[in-house]
Amino acid sequence: MALDFAAGCVGGAAGVLVGHPFDTVKVRLQVQNVDKPLYRGTYHCFQSIIRQESMLGLYKGIGSPMMGLTFINAIVFGVQGNAMHKLGRDTPLNQFLAGASAGAIQCVICCPMELAKTRMQMQGTGEKKSKKMYKNSLDCLVRIYKKEGIRGINHGMMTTLIRETPGFGVYFLTYDVLTRSLGCEPEDPYMIPKLLFAGGMSGVTCWLSTYPADVIKSRLQADGVGGVNQYNGIMDCIRQSLKKEGWRVFTCGLTSTLLRAFPVNATTFATVTLFLMYMRDREECSIQDSEPQSVQLQPLQPQTQPSSM
């Protein structure tokens with residue numbers, strides 16, 4: 001569990017640094033006013049943010065995911081690994097169920113974190129210098145809590161659950177299938193490129209499977225910025241969005257998301273897997289050195305390496 005915790009932190013931090021600019025663009029495209037859109041597409045949004053808000057504008061709200069990384073990744077990799085152990089057999093269905101359980105449990109941290117991230121990403125939209133409502137992600141959550149209580153900082157929890165539960169199931173299932181198919185073994189000289197590909201495609205598949213729920217979640221969590229509430233709930237948000245924009249509303253920001261998904265998840269999964277392999281190899285060597293008369297242990301594979309589950 002301790003190794004899963006550490007590996008999740010390292011892998012998650014690497015993933016956030018790589019992908020946060022794409023996430024900012026995704027959120028801006030998802031929640032912009034359809035009647036008066038500020039951005040024409042992914043590239044124009046990138047260009048506009050850099051020109052109007054500087055390069056740092058792409059990293060607005062990064063404090064929130066960074067703060068939540070320790071808890072989220074510990075939960076995701078810890079729960080997934082322990083769930084696989086409890087389920088016993090390493091089957092595709094069990095991979096999905098273990099991932100889904102990890103996704104559902106981590107929503108407790110994920111929902112408030114993404115609420116703060118979304119609010120931070122939306123403040124000062126289109127302005128180089130503006131009066132900030134929130135100093136940082138923590139200040140954002142404190143202000144929301146003072147005004148709306150626990151219910152306020154969990155705004156969007158249901159849509160987060162709808163997105164994360166099946167999403168993480170697909171995530172771990174895809175990684176399992178691809179690493180098995182590609183033969184990601186420690187002695188393989190092409191193991192790292194294979195891990196990167198498997199992790200990247202896992203992220204892409206995960207987002208494609210749950211993206212409509214993410215659009216609704218972003219709109220609900222951004223609702224109220226500026227003091228105006230537009231939606232009364234999930235169904236009202238879906239109804240209004242479909243009425244104004246049609247079915248294409250569920251693809252708003254998808255290009256940015258997929259551009260982000262591959263490098264972020266390639267980095268995260270490869271980092272986690274290699275970290276666990278390295279640390280468990282050192283742990284095994286330490287045990288063998290301290291107990292020279294004991295029976296030699298078989299090499300342990302990382303819990304995120306599907307061939308070992």
- request: Classify the angle between the aromatic ring planes of F168 and Y171 as parallel (below 30°), tilted (30 to 60°) or perpendicular (above 60°).
  value: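 F168 and Y171: perpendicular rings.
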For atom [atom1] of [X], is the number of surrounding heavy atoms from other residues, nucleotides or ligands below 6.0 Å larger than 12?
X: M157; atom1: CE; result: yes
X: I192; atom1: CD1; result: no
X: H44; atom1: NE2; result: yes

Examine distances only and state if a side-chain atom of [X] and a backbone atom of [Y] form a donor-acceptor pair shorter than 3.5 Å.
X: Y211; Y: C252; result: yes
X: S241; Y: I238; result: no
X: T179; Y: D176; result: yes
X: N94; Y: R89; result: yes

For a quick test of reading the model, state the closest non-hydrogen atom pair linking [X] to [Y] and the distance between them.
X: V204; Y: A261; result: N-CB, 4.0 Å
X: L220; Y: T159; result: CD1-CG2, 3.9 Å
X: H155; Y: R119; result: CD2-NH2, 4.3 Å
X: S218; Y: V31; result: O-CG1, 3.7 Å
X: C111; Y: Q221; result: O-NE2, 3.4 Å
X: K194; Y: G183; result: NZ-O, 3.9 Å

field: Step-by-step salt bridge (charged side-chain N to carboxylate O under 4.0 Å, His left out) determination, R143 to D139
entry: CA-CA 6 Å; R143 285 173 177 267; D139 179 59; 3.0 Å; yes
task: Could I get the full list of salt bridge (charged side-chain N to carboxylate O under 4.0 Å, His left out) partners for E114, not counting sequence neighbours?
output: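 Expected list: R163, K217.
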Would you compute the distance between atom [atom1] of [X] and atom [atom2] of [Y] and round it to the nearest 0.5 angstrom?
X: I105; Y: Q80; atom1: CD1; atom2: CD; value: 11.5 Å
X: E148; Y: I153; atom1: CD; atom2: CD1; value: 10.0 Å
X: Q32; Y: L29; atom1: CD; atom2: CG; value: 5.5 Å
X: I109; Y: T160; atom1: CD1; atom2: OG1; value: 12.5 Å
X: L208; Y: M201; atom1: CG; atom2: CE; value: 8.5 Å

Considering only heavy atoms from C-beta outward, does the side chain of [X] approach that of [Y] to under 4.5 Å?
X: Q106; Y: E164; value: yes
X: W207; Y: K26; value: yes
X: D23; Y: T257; value: no

message: For a salt bridge (charged side-chain N to carboxylate O under 4.0 Å, His left out) check, start with the C-alpha distance between R180 and D90, then their side-chain angles and the critical distance, and finish with the verdict.
response: CA-CA 12 Å; R180 286 179 186 276; D90 182 8; 2.4 Å; yes
field: Check: D214/Q30 side-chain N/O donor and acceptor closer than 3.5 Å
entry: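 D214 vs Q30: donor-acceptor pair found between side chains.
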- prompt: Between the side chains of Q121 and Y59, does any donor sit under 3.5 Å from an acceptor?
  reply: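 There is no such pair between these side chains.
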Near-ring test F172/Y175, centroid separation under 6.0 angstrom: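 Centroid separation for Y175 and F172: 6.0 Å or greater.
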message: Out of the candidates Y43, F46, Y39, only one should pair with V25 under the side-chain contact (heavy atoms from CB on, under 4.5 Å) rule; please name it.
response: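 Per the side-chain contact (heavy atoms from CB on, under 4.5 Å) rule, the option paired with V25 is F46, out of Y43, F46, Y39.
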- prompt: Is M235 linked to I162 within one hydrophobic cluster, defined over Ile, Leu, Val, Met, Phe, Trp and Tyr using a side-chain heavy-atom separation of less than 4.5 Å?
  reply: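 As far as the 4.5 Å side-chain criterion goes, I162 and M235 are connected within one cluster.
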